[in-house]
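Step one of this worksheet: look at the structure below.
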Amino acid sequence: MVQVRNTDYENITATPYAPNLGAEIYGVDLSKSISDAQFSDIRQAFLDHQVLFFKDQSEIPPARHIEFGKRFGLLHSHPAAPTMKGFHEIFEIHATKNSKIANGEFWHSDVSCDELPPLGTMLQIHIAPSCGGDTMFSDMYAAYSALSKPFQEFLNGLTATHESEHIYAGRYADRGVVDQDIDYPKAKHPVVRTHPDTGRKALFVNRTFTTRINELSSQESDSVLKVLFEQAEHVNHQIRFRWSLNDMAFWDNRCCMHRAVWDYWPEERKGRRVTIKGDQPF
Ligand code: SIN
């Protein structure tokens, strides 16, 4: 069903990207300080569309990128990923012909293994391959609401374990990260969470970090997680964003998942990511 989403903002222009989620944002220059009125529209658009794609941007200076992130809350430090020299708040996404992995290749909500998983993530791409390197997003409100009522009722009240050692151990070794001192996060979250700002319910499990539904037997948990991962990744709930140089994406980790497509090897892709701390899911 096509939802009618708000596009009525005074200080920005928002064009829906697809029926479920996403909007392209025009009329904002993120390399400069933005007014309170524009900030207020961006914040509302973020809640209305779940992921925003800021178009027609130039390269945002790192300090400005950090400042923009801080307007949404305290910044989140990644437990394992390499940061930018001189800017520990920035996680550099970088894949080259020598990379063994590219970041975010499987469906996930960023660092959902944290006790307080990130509210949102802002990524600007500065080096893009000649084609490919898209990022896919999936709408977790839609994934939940498309389930049958009895199944929704069954899921409400269940919790899941999200772990990270199996993902992060050794992952960034080729970028100079020494792993042994890392306290790999692990957390228990509701399977269905309520978005603190919109009040809407969203599925909150993902193939990267979610390992177990706590109240079920191991066999039951495996079967239910299989159904939920397939539901969360269903093509009807997805969009696939094709980047232009210096586009900035800002996604809401509380109600969408994403996946980066590494189809451009041996070409290079590089970007800077700032992540905002979130609250305890409920
Ligand atoms: C990520 O932050 O998970 C990677 C997203 C991307 O590189 O497109």
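Numbering of ligands and ligand atoms starts at 1, following listing order. Both backbone and side-chain heavy atoms feed into the values below; hydrogens, waters and symmetry mates do not. It should be emphasised that the depicted structure is a prediction, and the values quoted were computed from it without experimental measurement.
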* Could you give me the CA-CA distance, side-chain angles and deciding distance for Tyr184 and His166, then say whether ring-ring contact (aromatic ring centres under 6.0 Å, His included) is met? => CA-CA 9 Å; Tyr184 296 104; His166 63 292; 9.7 Å; no

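- Classification of the Phe53-Phe241 ring pair by plane angle, with boundaries at 30° and 60°, yields parallel.
- Ligand 1 is never approached by Arg259 to a heavy-atom distance shorter than 4.0 Å.
- Ionic pairing of Arg71 and Asp36 is present here: one or more N-O contacts between side-chain nitrogen and carboxylate oxygen are shorter than 4.0 angstrom.
- A tilted orientation is assigned to the rings of Phe137 and Trp251, their planes being inclined by 30° to 60°.
- The ligand atoms of ligand 1 that sit less than 4.0 angstrom from a heavy atom of Asn103 are 1 (C), 2 (O), 3 (O), 4 (C).
- Residue Trp243 places no N or O, backbone or side chain, under 3.5 Å from any N or O of ligand 1.
- With no hydrogens or angles considered, no side-chain donor-acceptor pair links Gln152 and Asn156 at under 3.5 Å.
- The ligand atoms of ligand 1 that sit less than 4.0 angstrom from a heavy atom of Gly104 are 3 (O).
- Looking at atom 8 (O) of ligand 1, its nearest protein heavy atom turns out to be Thr135 OG1, 2.5 Å.
- In summary, the atoms of ligand 1 found under 4.0 Å from a heavy atom of Leu123, numbered by their order in the structure, are 5 (C), 6 (C), 7 (O), 8 (O).
- Using a 4.0 angstrom heavy-atom cutoff, Trp251 counts as in contact with ligand 1.
- For atom 3 (O) of ligand 1, the nearest non-hydrogen atom from the set Arg269, His258, Lys270 comes from His258.
- Of all the atoms in ligand 1, the ones that sit under 4.0 Å from a non-hydrogen atom of Arg273 are 1 (C), 2 (O), 3 (O).
- When each atom of ligand 1 is checked for a heavy atom of His108 under 4.0 Å away, the hits are 3 (O).
- His76 and Glu89 share no donor-acceptor pair across their side chains, judged by distance under 3.5 Å alone.
- For the pairing with Arg254, the salt bridge (charged side-chain N to carboxylate O under 4.0 Å, His left out) check across Asp197, Asp279, Asp139 returns one residue only, Asp197.
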